[in-house]
Amino acid sequence: MASTYTMLLTAFSLALTGTVMNRTHMMSMLLGIEAMTLSLFMIMTTLSTNSPSSTATPIIMVTMAACEASTGLTLLMLTSKKNTNDHMKNLNLLQC
């Protein structure tokens, strides 16, 4: 069981590292965030098998991941339509 937790934490840290280091395209960042969400879902699922009172937590996590994925793909589509590419340097949402 400890090796499972180590593997899942390693997967999360690799996804976080990939998201931080590969910030040129929005699609690669979204894939890194989805990998982090998937590893968090797996961690929550393995933790909830030990305690039956927290069985709804992974379902809530999947719901939030679906909302995050749809929002991210919508932003990607709008950015690609406006700028004709998905480079993060062209994304100036916080600029007035």
Side-chain angles (χ1 to χ4, degrees):
M1 194 61 129
S3 64
T4 304
Y5 292 131
T6 305
M7 181 185 65
L8 291 173
L9 288 175
T10 304
F12 180 80
S13 62
L14 284 174
L16 181 65
T17 305
T19 303
V20 169
M21 293 183 71
N22 194 5
R23 293 186 303 185
T24 25
H25 295 282
M26 189 172 184
M27 188 65 183
S28 62
M29 288 188 65
L30 288 174
L31 285 172
I33 292 171
E34 287 298 318
M36 287 189 294
T37 306
L38 179 64
S39 61
L40 282 177
F41 171 71
M42 301 273 288
I43 289 169
M44 290 175 123
T45 304
T46 55
L47 289 176
S48 70
T49 57
N50 297 335
S51 63
S53 63
S54 64
T55 56
T57 307
I59 296 170
I60 294 170
M61 181 73 187
V62 167
T63 306
M64 296 301 287
C67 293
E68 178 263 330
S70 66
T71 304
L73 288 175
T74 303
L75 283 173
L76 177 69
M77 183 193 68
L78 290 174
T79 304
S80 297
K81 189 182 287 187
K82 180 183 172 197
N83 298 327
T84 66
N85 58 18
D86 68 336
H87 291 289
M88 289 301 292
K89 65 181 179 180
N90 294 336
L91 188 62
N92 295 323
L93 291 177
L94 299 177
Q95 195 175 37
C96 294

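Computed from heavy atoms alone, side chains included, the values below leave out hydrogens, waters and symmetry copies. Remember, it's a predicted structure, so these values are computed and weren't measured experimentally.
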Q: Name all residues meeting the side chain to side chain donor-acceptor pair (under 3.5 Å) criterion together with T4; count only those two or more places apart in sequence or in a different chain, and write none if there are none.
A: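 For T4, no residue satisfies side chain to side chain donor-acceptor pair (under 3.5 Å) once neighbours in sequence are set aside.
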
(Q) Would you compute the distance between atom CE of M27 and atom CG of L30 and round it to the nearest 0.5 angstrom? (A) 6.5 Å

(Q) Using 0.5 Å steps for rounding, measure from the OG atom of S80 to the CG atom of L75. (A) 10.5 Å

Would you list the atom pairs, donor with acceptor, under 3.5 Å between side chains in residues 58-71 and any protein atom, with sequence neighbours excluded?
residue : atom : partner : partner atom : Å
T63     : OG1  : I59     : O            : 2.9
S70     : OG   : A66     : O            : 3.4
S70     : OG   : C67     : O            : 2.9
T71     : OG1  : C67     : O            : 2.8

Q | Side-chain donor/acceptor of T79 to backbone N/O of L76, under 3.5 Å | A |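 Looks like no, no N/O pair under 3.5 Å.
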
Q: Walk me through it: do S48 and T57 pass the test side-chain contact (heavy atoms from CB on, under 4.5 Å)?
A: CA-CA 8 Å; S48 70; T57 307; 5.7 Å; no

Donor-acceptor contacts, no H, no angles, side chain residues 32-42, under 3.5 Å, sequence neighbours left out:
residue : atom : partner : partner atom : Å
T37     : OG1  : I33     : O            : 2.8
S39     : OG   : A35     : O            : 3.3
S39     : OG   : M36     : O            : 2.9

